[in-house]
Amino acid sequence: MMPDSVRQMSEPTRNLALELARVTESAALAAGRFMGRGDKNAADHAAVEAMRMVLNTIYMNAVVVIGEGEKDDAPMLFNGERVGSGKGPEMDIAVDPIDGTRPLSNGTWNAIATVALAPRGTMFDPGPFLYMDKIAVGPSCKGTVDIEAPVEHNLKAIARCNGKSVEDLTVVILDRDRHKELIAEVRRAGARIRLIPDGDVAGALMTAWPDSGIDALMGIGGTPEGVLTACALRAMGGEIQGKLYARNDDELRRGREAGYDFEKTLTMQDLVSSEDVFFAATGITDGEFLHGVKYFGTGARTESLVVRGLTGTVRQITATHRWDKLSQLSAIKY
(Lines give C-alpha, C1' and ligand atoms only; values in the text may rest on other atoms or scores of the structure.)
Protein backbone atom coordinates (compact mmCIF):
# COMPACT_ATOMS: atom_id res chain seq x y z
CA MET A 1 0.00 0.00 0.00
CA MET A 2 1.32 3.45 -0.95
CA PRO A 3 2.32 5.56 2.10
CA ASP A 4 0.17 8.65 2.74
CA SER A 5 3.12 11.02 2.14
CA VAL A 6 3.87 9.50 -1.26
CA ARG A 7 0.20 9.38 -2.20
CA GLN A 8 -0.24 13.06 -1.28
CA MET A 9 2.77 14.07 -3.37
CA SER A 10 1.51 12.10 -6.36
CA GLU A 11 -2.02 13.51 -6.28
CA PRO A 12 -2.48 16.69 -8.32
CA THR A 13 -3.56 19.80 -6.45
CA ARG A 14 -6.65 21.73 -7.50
CA ASN A 15 -6.07 23.67 -10.73
CA LEU A 16 -7.82 26.98 -10.16
CA ALA A 17 -6.69 28.18 -13.59
CA LEU A 18 -9.36 26.04 -15.21
CA GLU A 19 -11.98 27.72 -13.04
CA LEU A 20 -10.56 31.11 -13.97
CA ALA A 21 -11.29 30.29 -17.61
CA ARG A 22 -15.00 30.42 -16.71
CA VAL A 23 -14.40 33.87 -15.21
CA THR A 24 -12.74 35.35 -18.30
CA GLU A 25 -15.13 33.59 -20.67
CA SER A 26 -18.05 35.15 -18.83
CA ALA A 27 -16.48 38.63 -18.93
CA ALA A 28 -15.69 38.29 -22.63
CA LEU A 29 -19.18 37.10 -23.53
CA ALA A 30 -20.77 40.02 -21.66
CA ALA A 31 -18.35 42.67 -22.95
CA GLY A 32 -18.27 41.40 -26.52
CA ARG A 33 -21.80 42.69 -27.09
CA PHE A 34 -20.37 46.22 -26.93
CA MET A 35 -17.77 45.80 -29.66
CA GLY A 36 -17.66 48.92 -31.83
CA ARG A 37 -20.48 50.66 -29.97
CA GLY A 38 -18.26 53.44 -28.63
CA ASP A 39 -19.23 53.04 -24.97
CA LYS A 40 -16.18 52.01 -22.92
CA ASN A 41 -17.91 52.31 -19.54
CA ALA A 42 -20.89 50.15 -20.54
CA ALA A 43 -18.52 47.46 -21.80
CA ASP A 44 -16.42 47.65 -18.62
CA HIS A 45 -19.52 47.48 -16.44
CA ALA A 46 -20.79 44.37 -18.22
CA ALA A 47 -17.38 42.66 -17.96
CA VAL A 48 -16.91 43.54 -14.28
CA GLU A 49 -20.35 42.33 -13.20
CA ALA A 50 -19.97 39.05 -15.11
CA MET A 51 -16.46 38.52 -13.73
CA ARG A 52 -17.49 39.25 -10.14
CA MET A 53 -20.46 36.89 -10.27
CA VAL A 54 -18.42 33.93 -11.48
CA LEU A 55 -15.45 34.67 -9.18
CA ASN A 56 -17.80 34.41 -6.21
CA THR A 57 -18.66 30.80 -7.12
CA ILE A 58 -15.02 29.62 -6.85
CA TYR A 59 -13.90 27.76 -3.71
CA MET A 60 -11.36 30.31 -2.45
CA ASN A 61 -11.00 33.28 -0.14
CA ALA A 62 -9.40 35.93 -2.36
CA VAL A 63 -8.61 39.61 -1.95
CA VAL A 64 -8.33 41.94 -4.96
CA VAL A 65 -4.78 43.29 -4.74
CA ILE A 66 -4.92 44.91 -8.15
CA GLY A 67 -8.26 46.00 -9.55
CA GLU A 68 -8.62 47.81 -12.84
CA GLY A 69 -10.67 51.00 -12.66
CA GLU A 70 -9.02 53.74 -10.62
CA LYS A 71 -6.76 54.58 -13.54
CA ASP A 72 -9.55 55.37 -16.01
CA ASP A 73 -12.55 56.09 -13.75
CA ALA A 74 -14.32 52.96 -14.98
CA PRO A 75 -16.53 50.44 -13.17
CA MET A 76 -14.23 48.09 -11.31
CA LEU A 77 -13.45 45.29 -8.97
CA PHE A 78 -11.92 47.52 -6.31
CA ASN A 79 -8.70 47.00 -4.36
CA GLY A 80 -9.39 45.20 -1.08
CA GLU A 81 -12.63 43.64 -2.30
CA ARG A 82 -13.07 40.02 -1.22
CA VAL A 83 -14.19 37.55 -3.86
CA GLY A 84 -14.74 33.81 -3.93
CA SER A 85 -16.87 31.56 -1.78
CA GLY A 86 -15.12 32.75 1.40
CA LYS A 87 -13.75 29.26 2.05
CA GLY A 88 -10.74 27.44 0.69
CA PRO A 89 -7.25 28.73 -0.14
CA GLU A 90 -6.26 32.29 0.79
CA MET A 91 -5.37 34.03 -2.45
CA ASP A 92 -4.36 37.37 -3.98
CA ILE A 93 -6.12 38.28 -7.21
CA ALA A 94 -5.32 40.71 -10.01
CA VAL A 95 -8.01 41.54 -12.55
CA ASP A 96 -8.37 43.42 -15.78
CA PRO A 97 -11.91 42.69 -17.01
CA ILE A 98 -11.05 44.34 -20.33
CA ASP A 99 -7.43 44.84 -21.34
CA GLY A 100 -8.10 47.12 -24.29
CA THR A 101 -11.35 48.99 -23.64
CA ARG A 102 -10.61 51.45 -26.46
CA PRO A 103 -10.00 48.75 -29.09
CA LEU A 104 -13.20 47.04 -27.95
CA SER A 105 -15.29 50.21 -28.11
CA ASN A 106 -13.85 50.97 -31.56
CA GLY A 107 -14.20 47.40 -32.79
CA THR A 108 -10.47 46.90 -33.36
CA TRP A 109 -7.87 44.32 -32.33
CA ASN A 110 -6.55 42.53 -29.24
CA ALA A 111 -9.11 43.27 -26.50
CA ILE A 112 -9.00 40.47 -23.91
CA ALA A 113 -10.41 39.67 -20.45
CA THR A 114 -7.76 38.65 -17.91
CA VAL A 115 -7.42 37.48 -14.30
CA ALA A 116 -4.58 36.03 -12.19
CA LEU A 117 -4.37 34.32 -8.80
CA ALA A 118 -1.47 33.72 -6.40
CA PRO A 119 -1.18 32.72 -2.72
CA ARG A 120 -2.03 35.48 -0.24
CA GLY A 121 0.75 38.01 0.22
CA THR A 122 2.75 37.09 -2.89
CA MET A 123 1.53 39.70 -5.40
CA PHE A 124 3.13 43.12 -5.63
CA ASP A 125 0.79 45.84 -4.37
CA PRO A 126 1.55 49.19 -6.05
CA GLY A 127 -1.03 51.07 -4.00
CA PRO A 128 -2.26 54.12 -5.94
CA PHE A 129 0.71 54.11 -8.36
CA LEU A 130 -0.79 52.75 -11.52
CA TYR A 131 1.98 53.09 -14.11
CA MET A 132 5.29 51.36 -14.62
CA ASP A 133 8.07 51.19 -17.18
CA LYS A 134 8.38 47.64 -18.56
CA ILE A 135 10.40 45.32 -20.72
CA ALA A 136 9.09 41.84 -21.53
CA VAL A 137 10.66 39.03 -23.56
CA GLY A 138 10.01 35.39 -24.37
CA PRO A 139 11.69 32.23 -23.00
CA SER A 140 14.71 32.31 -25.31
CA CYS A 141 15.74 35.72 -23.94
CA LYS A 142 15.00 35.21 -20.26
CA GLY A 143 17.90 36.53 -18.19
CA THR A 144 19.45 38.57 -21.01
CA VAL A 145 17.72 41.97 -20.70
CA ASP A 146 18.03 44.78 -18.18
CA ILE A 147 15.49 47.59 -17.94
CA GLU A 148 18.31 49.89 -16.74
CA ALA A 149 20.37 49.26 -19.88
CA PRO A 150 20.20 51.43 -23.03
CA VAL A 151 17.56 50.44 -25.57
CA GLU A 152 20.16 49.51 -28.18
CA HIS A 153 21.97 47.24 -25.70
CA ASN A 154 18.77 45.33 -24.94
CA LEU A 155 17.85 45.04 -28.61
CA LYS A 156 21.26 43.57 -29.44
CA ALA A 157 20.90 41.08 -26.56
CA ILE A 158 17.41 40.07 -27.76
CA ALA A 159 18.70 39.66 -31.31
CA ARG A 160 21.58 37.42 -30.15
CA CYS A 161 19.43 35.08 -28.08
CA ASN A 162 16.87 34.78 -30.89
CA GLY A 163 19.51 34.19 -33.55
CA LYS A 164 18.44 37.28 -35.49
CA SER A 165 19.80 40.62 -36.51
CA VAL A 166 18.39 43.70 -34.78
CA GLU A 167 16.72 44.60 -38.08
CA ASP A 168 14.66 41.38 -37.84
CA LEU A 169 13.21 42.21 -34.40
CA THR A 170 9.67 43.49 -33.79
CA VAL A 171 9.02 45.50 -30.62
CA VAL A 172 5.54 46.24 -29.26
CA ILE A 173 5.11 49.76 -27.84
CA LEU A 174 1.97 51.56 -26.66
CA ASP A 175 1.16 54.46 -28.98
CA ARG A 176 1.58 57.32 -26.49
CA ASP A 177 3.28 60.73 -26.61
CA ARG A 178 5.45 59.70 -23.65
CA HIS A 179 7.13 57.12 -25.89
CA LYS A 180 8.46 59.51 -28.54
CA GLU A 181 12.07 59.13 -27.38
CA LEU A 182 11.75 55.35 -26.91
CA ILE A 183 10.35 54.99 -30.43
CA ALA A 184 13.16 57.12 -31.80
CA GLU A 185 15.79 54.97 -30.01
CA VAL A 186 14.30 51.73 -31.33
CA ARG A 187 14.23 53.17 -34.84
CA ARG A 188 17.84 54.36 -34.58
CA ALA A 189 18.86 50.85 -33.56
CA GLY A 190 17.13 49.51 -36.68
CA ALA A 191 14.39 47.33 -35.14
CA ARG A 192 10.82 47.19 -36.36
CA ILE A 193 7.96 48.56 -34.21
CA ARG A 194 4.35 47.48 -33.71
CA LEU A 195 2.48 50.44 -32.17
CA ILE A 196 -0.67 49.41 -30.29
CA PRO A 197 -3.40 51.73 -28.97
CA ASP A 198 -4.00 49.71 -25.77
CA GLY A 199 -3.70 46.19 -24.46
CA ASP A 200 -0.15 45.68 -23.28
CA VAL A 201 -0.96 42.38 -21.53
CA ALA A 202 -1.61 40.79 -24.93
CA GLY A 203 1.44 42.61 -26.33
CA ALA A 204 3.71 41.24 -23.59
CA LEU A 205 2.35 37.70 -23.76
CA MET A 206 2.92 37.56 -27.50
CA THR A 207 6.66 37.68 -26.77
CA ALA A 208 6.28 34.17 -25.29
CA TRP A 209 3.81 32.96 -27.91
CA PRO A 210 5.29 30.74 -30.65
CA ASP A 211 5.26 32.29 -34.13
CA SER A 212 3.65 35.56 -32.97
CA GLY A 213 6.46 37.54 -34.60
CA ILE A 214 6.81 39.72 -31.48
CA ASP A 215 10.24 39.75 -29.81
CA ALA A 216 9.82 42.31 -27.01
CA LEU A 217 7.51 44.76 -25.32
CA MET A 218 8.94 48.06 -24.11
CA GLY A 219 7.59 51.22 -22.55
CA ILE A 220 5.33 52.64 -19.85
CA GLY A 221 1.98 50.99 -19.24
CA GLY A 222 -0.28 49.96 -16.39
CA THR A 223 1.02 48.38 -13.19
CA PRO A 224 -2.04 46.05 -13.02
CA GLU A 225 -1.14 44.78 -16.47
CA GLY A 226 2.47 44.29 -15.34
CA VAL A 227 1.50 42.03 -12.45
CA LEU A 228 -0.96 40.07 -14.61
CA THR A 229 1.75 39.60 -17.22
CA ALA A 230 4.27 38.42 -14.61
CA CYS A 231 1.85 35.73 -13.42
CA ALA A 232 1.40 34.43 -16.97
CA LEU A 233 5.06 34.64 -17.99
CA ARG A 234 6.11 32.62 -14.92
CA ALA A 235 4.50 29.59 -16.53
CA MET A 236 5.16 30.52 -20.14
CA GLY A 237 8.89 30.84 -19.43
CA GLY A 238 9.33 34.48 -20.38
CA GLU A 239 10.42 37.47 -18.33
CA ILE A 240 9.17 40.92 -17.43
CA GLN A 241 11.01 43.66 -15.52
CA GLY A 242 9.48 46.94 -14.40
CA LYS A 243 10.02 50.22 -12.56
CA LEU A 244 7.26 52.27 -11.01
CA TYR A 245 6.60 55.44 -13.01
CA ALA A 246 5.48 58.70 -11.42
CA ARG A 247 3.47 60.95 -13.73
CA ASN A 248 4.44 64.15 -11.89
CA ASP A 249 6.46 65.50 -8.96
CA ASP A 250 3.52 65.28 -6.56
CA GLU A 251 2.99 61.60 -7.32
CA LEU A 252 6.71 60.97 -6.89
CA ARG A 253 6.71 62.76 -3.52
CA ARG A 254 3.65 60.88 -2.26
CA GLY A 255 5.12 57.59 -3.39
CA ARG A 256 8.40 58.16 -1.62
CA GLU A 257 6.58 59.22 1.55
CA ALA A 258 4.62 55.95 1.38
CA GLY A 259 7.85 53.95 1.07
CA TYR A 260 7.82 53.16 -2.64
CA ASP A 261 11.15 53.07 -4.47
CA PHE A 262 10.79 54.45 -7.99
CA GLU A 263 14.40 53.59 -8.81
CA LYS A 264 14.14 49.89 -7.96
CA THR A 265 13.97 47.33 -10.75
CA LEU A 266 10.99 45.10 -10.10
CA THR A 267 11.83 41.56 -11.17
CA MET A 268 9.43 38.67 -11.76
CA GLN A 269 10.05 37.65 -8.14
CA ASP A 270 9.08 41.13 -6.94
CA LEU A 271 5.90 41.22 -9.02
CA VAL A 272 4.72 37.77 -7.93
CA SER A 273 6.88 35.81 -5.49
CA SER A 274 5.21 32.40 -5.82
CA GLU A 275 5.41 29.77 -8.56
CA ASP A 276 1.91 28.63 -7.54
CA VAL A 277 0.20 31.12 -9.84
CA PHE A 278 -2.79 30.86 -12.13
CA PHE A 279 -3.68 33.02 -15.13
CA ALA A 280 -6.48 33.04 -17.67
CA ALA A 281 -7.31 35.27 -20.64
CA THR A 282 -10.19 35.13 -23.12
CA GLY A 283 -10.31 37.02 -26.40
CA ILE A 284 -13.04 39.65 -26.77
CA THR A 285 -12.06 41.02 -30.17
CA ASP A 286 -9.89 39.22 -32.71
CA GLY A 287 -6.12 39.48 -32.40
CA GLU A 288 -2.88 37.72 -33.24
CA PHE A 289 -2.93 36.34 -29.69
CA LEU A 290 -6.53 35.07 -29.27
CA HIS A 291 -9.63 35.01 -31.44
CA GLY A 292 -12.49 37.17 -30.22
CA VAL A 293 -16.03 36.15 -29.28
CA LYS A 294 -18.05 34.81 -32.20
CA TYR A 295 -21.82 35.05 -31.75
CA PHE A 296 -24.36 32.94 -33.59
CA GLY A 297 -28.12 32.41 -33.24
CA THR A 298 -28.07 29.86 -30.44
CA GLY A 299 -24.88 30.81 -28.62
CA ALA A 300 -21.27 31.91 -28.98
CA ARG A 301 -17.72 30.61 -29.24
CA THR A 302 -14.72 31.80 -27.21
CA GLU A 303 -10.98 31.16 -27.23
CA SER A 304 -8.96 31.29 -24.02
CA LEU A 305 -5.43 30.87 -22.72
CA VAL A 306 -5.10 29.12 -19.35
CA VAL A 307 -1.77 28.98 -17.50
CA ARG A 308 -0.62 27.21 -14.35
CA GLY A 309 2.68 28.20 -12.80
CA LEU A 310 3.54 25.05 -10.81
CA THR A 311 3.41 22.76 -13.82
CA GLY A 312 4.23 25.27 -16.55
CA THR A 313 1.16 24.03 -18.42
CA VAL A 314 -0.28 26.39 -21.04
CA ARG A 315 -3.67 25.44 -22.42
CA GLN A 316 -5.69 26.87 -25.32
CA ILE A 317 -9.40 26.33 -24.82
CA THR A 318 -12.03 26.80 -27.49
CA ALA A 319 -15.52 26.70 -25.95
CA THR A 320 -19.02 26.77 -27.39
CA HIS A 321 -21.68 28.35 -25.16
CA ARG A 322 -25.40 27.65 -25.57
CA TRP A 323 -27.83 30.41 -24.61
CA ASP A 324 -30.70 28.01 -23.80
CA LYS A 325 -28.55 26.24 -21.21
CA LEU A 326 -26.82 29.31 -19.79
CA SER A 327 -30.08 31.22 -19.36
CA GLN A 328 -31.33 28.49 -16.99
CA LEU A 329 -28.22 28.60 -14.80
CA SER A 330 -26.83 32.13 -14.87
CA ALA A 331 -28.17 35.54 -13.91
CA ILE A 332 -25.62 37.18 -16.24
CA LYS A 333 -27.16 38.76 -19.34
CA TYR A 334 -25.16 37.58 -22.32
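Computed from a prediction, not measured in an experiment: that's the story for all the values here. Hydrogens, waters and symmetry mates play no part in the numbers below; they use all other heavy atoms, side chains included.
- For Thr170 and Arg192, the side-chain atoms include at least one donor-acceptor pair closer than 3.5 Å.
- Both tests pass for Arg33 against the ring of Tyr295: distance under 6.0 Å to the centre and angle within 45° of the axis.
- Looking at Leu29 and Val293, their side chains come closer than 4.5 Å, going by heavy atoms from C-beta outward.
- Apart from Val186 itself, the hydrophobic cluster it occupies contains Ile135, Val137, Val145, Ile147, Val151, Leu155, Ile158, Val166, Leu169, Val171, Ile173, Leu182, Ile183, Ile193, Leu195, Met218, where clustering links Ile, Leu, Val, Met, Phe, Trp and Tyr at side-chain heavy-atom distances under 4.5 Å.
- Minimum interatomic distance between Pro89 and Tyr59 (heavy atoms only, all atoms of both residues): CD-O, 3.4 Å.
- Applying the 4.5 Å side-chain rule to ILVMFWY residues, one finds that Leu329 remains a lone member of its cluster.
- Of the residues Thr320, Thr302, Asp286, the one that meets the side-chain hydrogen bond (donor to acceptor under 3.5 Å, both in side chains) test with Lys294 is Asp286.
- Partners of Tyr260 by side chain to side chain donor-acceptor pair (under 3.5 Å), not counting sequence neighbours: none found.
- Partner of Phe278 under the side chain to side chain contact (heavy atoms under 4.5 Å, CB included) criterion, chosen from Leu117, Val307, Val306: Leu117.
- Counting only N and O atoms by type, the side chains of Asp96 and Thr114 include no donor and acceptor under 3.5 Å apart.
- A chain of hydrophobic side-chain contacts below 4.5 Å, direct or via other Ile, Leu, Val, Met, Phe, Trp or Tyr residues, connects Ile93 to Ile58.
- Annotation: side chain of Leu233 is not in contact with side chain of Glu239 (no heavy-atom distance under 4.5 Å).
- Arg22 CZ to Met53 CE: the interatomic distance, rounded to the nearest 0.5 Å, is 12.0 Å.
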